[in-house]
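Encoded as structure tokens, the structure appears first; notes follow it.
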Amino acid sequence: VPHPMGKNANKPVRHTGGGGGGGSYEDMWEKRQFHSMEYQQRELQMLIDAPERLSWDEWKAQQQKKKEEEEAEFYGVGMDMMKYRQQLDDEREARLKARADERERERAEREKEKKKKKHKSKDKDRDKGKRRSKDRKRRRDDDSSSSSSESDGERSTRKKSSAKGSGPVKLSSFFDHNDSDPDAL
């Protein structure tokens, strides 16, 4: 036997062939038992007495029905939840609206009070204005009654000085006016 070259050169060569015991493979398969005779009898009896199976169409219809029932249950819970949420939303909206209405009433009341105060202050201002005008009239009356005892020259100088008021005065008019005063200097 020539020695082969390569990586398996030092290993013994295996020869494939018959199983050694004689007989064919098919004969051995038929003689071989996987289960006991009792087990095989039970299996056969079970297959014979098996309940009737559903057809493919029946099974699909059954699966569709289960799916629809699950969806109805899910959406039923979902619908209940949606109704509950809607109820909560309505209650919240009512509370918010009540609060807004209350704030609006309070604001309107405050505005009314402000208007009343403003109206009262206007009345007071009018009264003050009336008083001032009355005071002015009294002063004029007092001036006219006291002026009858005064000379016309003094009255005219008083009118000039009161007409000019407290505004700027020409220096020349100031000295001319003071020259006629004998108490000066």
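One-based numbering along the sequence shown. On a predicted model such as this, the values are computed, not experimentally measured, just so you know.
Applying the salt bridge (charged side-chain N to carboxylate O under 4.0 Å, His left out) definition to pairs two or more places apart or across chains, none involves residues 55-73. Counting only residues at least two apart or on different chains, the salt bridge (charged side-chain N to carboxylate O under 4.0 Å, His left out) pairs with a member in residues 79-95 are R85-D89, D89-R92. Evaluation of the ring pair (Phe, Tyr, Trp, His ring centres under 6.0 Å) test over residues 49-71, restricted to residues two or more places apart or in two chains, returns W56-W59.
Chaining together hydrophobic side chains whose heavy atoms lie under 4.5 Å apart places L88 alongside M81, Y84. Applying the under-4.5 Å side-chain rule to Ile, Leu, Val, Met, Phe, Trp and Tyr, the cluster around M46 consists of that residue alone.
Note that the CZ atom of R99 and the NZ atom of K97 stand 15.0 Å from one another [nearest 0.5 Å].
The side-chain contact (heavy atoms from CB on, under 4.5 Å) test applied to R107 returns E104, R110, E111, not counting sequence neighbours.
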